[in-house]
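The structure under discussion appears below in the form of structure tokens.
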Amino acid sequence: MPASAANSQVAADERLDHAGWLACFSALGLGGLTRNLAAHCQLESDDGHTVVLRLDPGQSAMQADVHNGRIERALSSYGLPRRIEFTVADLAPDLETPRQQEERQQKERHALAVDLLHRDPNIQKLQQAFGATLIESTVKPASDKRS
């Protein structure tokens, strides 16, 4: 799926792959428990009619038909009218779920923010003048979602 597809609808006959699932996940506008459930899934297959999501067995208690309908409506609004099916199985270790991707990206943003602060000349002056220390666990990167 092209990188721009995450920002717009796609052709209904286009097949979703796992990279496409990750790219479009946020644009689906899912919320609450449905978002949480879908965020713990890997895309197993899309045959053009049915999307099969592989659900982490540790999250299987969240599965309910109401979530299938919400995900189906979200995909349809995105331009991919599909039925949703879940399979509960161990996740492929080489593929991220949307939740894992989000956690990795948050860690990367945090590490970058900490690095920038360590290299900031003003921070270095404070450290030298006052013996200040940067408490890395308190660093919060600016949100990507600005209002």
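Worth saying up front: this structure is predicted, and the values here are computed from it rather than measured.
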Does any N or O in the side chain of [X] come within less than 3.5 Å of the main-chain N or O of [Y], such that one atom is a donor and the other an acceptor?
| X | Y | result |
| --- | --- | --- |
| S76 | R73 | no |
| R15 | D47 | yes |
| N68 | I84 | yes |
| Q59 | D56 | no |
| W21 | L53 | no |
| H67 | A38 | no |

Hey, what do you get for [atom1] ([X]) to [atom2] ([Y]), rounding to the nearest 0.5 Å?
| X | Y | atom1 | atom2 | answer |
| --- | --- | --- | --- | --- |
| Q106 | K140 | CD | NZ | 10.5 Å |
| R70 | R35 | CZ | CZ | 14.0 Å |
| D46 | E44 | CG | CD | 12.0 Å |
| I71 | C41 | CD1 | SG | 6.5 Å |

Please check if [X] and [Y] belong to a single hydrophobic cluster, counting links between Ile, Leu, Val, Met, Phe, Trp and Tyr side chain heavy atoms closer than 4.5 Å.
| X | Y | value |
| --- | --- | --- |
| L91 | F86 | no |
| V88 | L95 | no |
| L28 | M62 | yes |

Residue pair [X] / [Y], side-chain heavy-atom distance below 4.5 Å:
| X | Y | result |
| --- | --- | --- |
| Q105 | Q101 | yes |
| R54 | S45 | no |
| L22 | P98 | yes |

* Does a salt bridge link E108 with R104, judged by any charged N lying under 4.0 Å from a carboxylate O? -> yes

What side-chain donor-acceptor pairs closer than 3.5 Å can you find for residues 118-127, not counting sequence neighbours?
{"residue": "H118", "atom": "NE2", "partner": "E136", "partner atom": "OE2", "Å": "2.8"}
{"residue": "R119", "atom": "NE", "partner": "D115", "partner atom": "OD2", "Å": "3.0"}
{"residue": "R119", "atom": "NH2", "partner": "D115", "partner atom": "OD2", "Å": "3.1"}
{"residue": "D120", "atom": "OD1", "partner": "N122", "partner atom": "N", "Å": "2.7"}
{"residue": "D120", "atom": "OD1", "partner": "I123", "partner atom": "N", "Å": "3.1"}
{"residue": "Q124", "atom": "NE2", "partner": "H118", "partner atom": "O", "Å": "3.0"}

Nearest heavy atoms of [X] and [Y], plus distance in Å:
| X | Y | result |
| --- | --- | --- |
| P57 | D90 | CG-OD1, 3.6 Å |
| G20 | D17 | N-OD1, 2.7 Å |
| A74 | L30 | CB-CD2, 3.7 Å |
| H110 | V139 | CD2-O, 3.1 Å |

* Asked: salt bridge (Lys or Arg N to Asp or Glu O under 4.0 Å) with E72: which residues, sequence neighbours excluded?
  -> none

